[in-house]
Structures are given as C-alpha cells and as structure tokens.
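When reading the values below, keep in mind they use all heavy atoms of this one structure, side chains included, and skip hydrogens, waters and symmetry mates.
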Amino acid sequence: MSIIDSRKIDFARSAVKREKIFTLSKLVSILGCSSRTAQAKLKLWKAYTSYNQNGKYYTLPEIPHFDIHGIWQFKEISFSEQGNLKKTVVYLATSAPAGLTGKQLGELLGLSPQSFMHHFRKCPGICREKHAGVYVYFSDDTSIYEKQVQRRNSIVSRPAVISLSDPEAVMLLVAIIRNYGISAEDLRALPEIKKSQMKLTAIQGFLQHHGLVKKTQDSRH
C-alpha cells in the first residue's frame, strides 16, 4: 500500500467534506492512489456508505444530520446511522413499538418496498407474519416480539380519530419525550411534525388516548 503525504490526505478530506457526499473514484482521483488505498482511508475515517444507489456514495461521519430514525438523505442519496440496508431494516423493525409493514419501512427509508423487502423474508433479527392481511416485520426476540404484537393489536383497535401511522406515532412520542408537557398545538408546530402534515385532531386524539393531555393551571389562583 502506497504512503500518501499527510498534507494531501488533509486536502482530500477537506475537499470531500465540502461536497458532503463523494464516490470512491473521486477520492482516488484527489489522492492519486489506488482504490485499495482509498478504501483503507475510508475505513480509517469511519465513513458511511450509502444504502441506496448500490452503495456507490460515501460521507464523512461529521457530515450527516440523522433524523429520529437514524436516516440522512442528501440529493436522493441515503445514509443510515446503522450502516448498510440490512442492519437498518433490522434496527427499524425491532425498535418500532408495533413492528413495521413493508410499506412503512419503505416510507422511512425512501425506497420502494418491492425493490428490497424480498431480501427480508427470512432474516436473522426479525420475523415476518401477517396481521390484518398485511405482512408485518417484528423482532425475533420473544420478549420484544410479544410487546410489539400487543401494541399493534391495540393500535388496530384504537378509535378512528387517532389516524396516525406507526412511524408518526413514534415521531410524536419522541417529540413528547424531548419536549415534556408540550401542548398539541405546540407539537404540531415542531418542524418534523409540521413536515409530516399530521392533523391537529389526530395529535389531540393520540395524546388523549394515551393520557398525555397537558393539564392547564387553574387561572383563578
């Protein structure tokens, strides 16, 4: 493996950092080295590899601003805090309170379910079974699985007013944890909630159903 001048390495790192995402061939061109040497640098830098576009793109660890699901997208290139697509799907399915359907996974990942879900029919870490005629992916850990199924059954039977998907419910719960005591109106004004276009009535119904309604102080005191 060739030795590269430290100044050239610093220059290359600064160059790809400015571009946010880059390819292996781009790094090879800047460093003037072999692909093997460039790959060694990527490993040393702990660079992330895109889970779409055939893993063609890379980004430095300080660049991504991952969302609550550990996903970051830039110019239609997607990266995961977990690493590759397999690890990401397992993480999302096992950490979701009620498991996730293929459609929900596709929405979170920004991918068409038909393009990747067939790889996960039998995958260590998750199990797949039908609920209400739709395949749902759960953790294969029995204790987690039982809680997820129980939660999904409660969601199916909940009042129609709480018309939120599982990812939306998770997003709300995270926002509530981060902003304890926040009202439904203020929740809806948060950037990530506003972007999801959740209806105020759905948020209010969710809070009420789970006993999370903000108590107002008695103005007479």
> Does Val28 belong to the same Ile/Leu/Val/Met/Phe/Trp/Tyr cluster as Ile21, with side-chain heavy atoms less than 4.5 Å apart forming each link?
Replying inline: yes
> Which pair of heavy atoms, one from Pro113 and one from Gly102, lies closest together, and at what distance?
Replying inline: CG-O, 3.4 Å
> Between Phe11 and Leu31, is there a shared hydrophobic cluster once you connect ILVMFWY residues whose side-chain heavy atoms come closer than 4.5 Å?
Replying inline: yes
>> So which atom in Arg188 and which in Met198 form the shortest heavy-atom distance, rounded to 0.1 Å?
In response: NE-O, 3.0 Å
> OG1 of Thr94 to CG of Leu100: how many Å apart, nearest 0.5 Å?
Replying inline: 9.5 Å
> Just by distance, do the side chain of Asp67 and the backbone of His69 share a donor-acceptor pair under 3.5 Å?
Replying inline: yes
> For the atom pair CD1 (Ile63) and CH2 (Trp72), what is the distance rounded to the nearest 0.5 Å?
Replying inline: 6.5 Å
> Measuring from Lys41:NZ to Leu24:CG, what's the distance to the nearest 0.5 Å?
Replying inline: 13.5 Å
> Hey, does Arg128 have a side-chain heavy atom less than 4.5 Å from the side chain of Phe120?
Replying inline: no
> Is it true that Ile126 and Leu105 fall in one hydrophobic cluster, defined by side-chain heavy atoms closer than 4.5 Å?
Replying inline: yes
> When rounded to the nearest 0.5 angstrom, what is the spacing between CD1 in Ile203 and CD in Glu168?
Replying inline: 9.0 Å
> Any sub-3.5 Å donor-acceptor pair from Asn52's side-chain atoms to Leu109's backbone N or O?
Replying inline: no
> Which atom pair, heavy atoms only, marks the closest approach of Ser139 to Ile144?
Replying inline: CB-CG2, 3.6 Å
>> My understanding is that only residues two or more places apart in sequence, or in another chain, count here; which of them pass side-chain hydrogen bond (donor to acceptor under 3.5 Å, both in side chains) with Thr23?
In response: Ser25
>> What I'd like to find out is whether the side chain of Glu146 reaches to under 4.5 Å of the side chain of Thr142, using heavy atoms alone.
In response: yes
> Do Gln104 side-chain atoms and Pro167 backbone N/O form a donor-acceptor pair below 3.5 Å?
Replying inline: no
>> Do Val149 and Val136 have side chains that approach each other closer than 4.5 Å (heavy atoms only, starting at C-beta)?
In response: no
>> Taking the side chain as everything from C-beta on, heavy atoms only, tell me whether Tyr51 gets closer than 4.5 Å to Val89.
In response: no
> Under 4.5 Å between any side-chain heavy atoms of Gln204 and Glu185, yes or no?
Replying inline: yes
> Between Glu19 and Lys75, is there a salt bridge with N-O shorter than 4.0 Å?
Replying inline: no
> Just checking, is any N or O donor in the side chain of Gln82 or Ser80 under 3.5 Å from an acceptor N or O on the other one?
Replying inline: no
>> Give me the atom names and distance for the closest heavy-atom approach of Gly110 to Gln73.
In response: CA-NE2, 3.9 Å
>> Measuring centre to centre across the rings, with the benzene-like ring taken for any Trp, is Tyr48 within less than 6.0 Å of Phe66?
In response: yes
> How long is the gap from OG1 on Thr49 to CG on Asn54, to the nearest 0.5 Å?
Replying inline: 12.5 Å
>> Applying a strict under-4.5 Å side-chain criterion to I, L, V, M, F, W and Y, I'd like to know whether Val16 and Phe79 cluster together.
In response: yes
> Is a donor on one side and an acceptor on the other found under 3.5 Å between the side chain of Arg152 and the backbone of Ala98?
Replying inline: yes
> When rounded to the nearest 0.5 angstrom, what is the spacing between CG in Leu27 and CH2 in Trp45?
Replying inline: 5.0 Å
>> I'd like to know if the side chain of Thr59 reaches the main chain of Lys20, judged simply by a donor and an acceptor atom lying under 3.5 Å from each other, with no hydrogens or angles considered.
In response: yes
> Between Glu192 and Met171, what is the shortest heavy-atom contact and its length?
Replying inline: O-SD, 3.5 Å
> So if you build clusters from Ile, Leu, Val, Met, Phe, Trp, Tyr with side-chain heavy-atom gaps below 4.5 Å, do Val90 and Met117 land together?
Replying inline: yes
>> Using side-chain contact (heavy atoms from CB on, under 4.5 Å), reason through Glu62 and Lys17 one step at a time and then give a plain yes or no.
In response: CA-CA 9 Å; Glu62 62 267 31; Lys17 186 175 181 179; 3.8 Å; yes
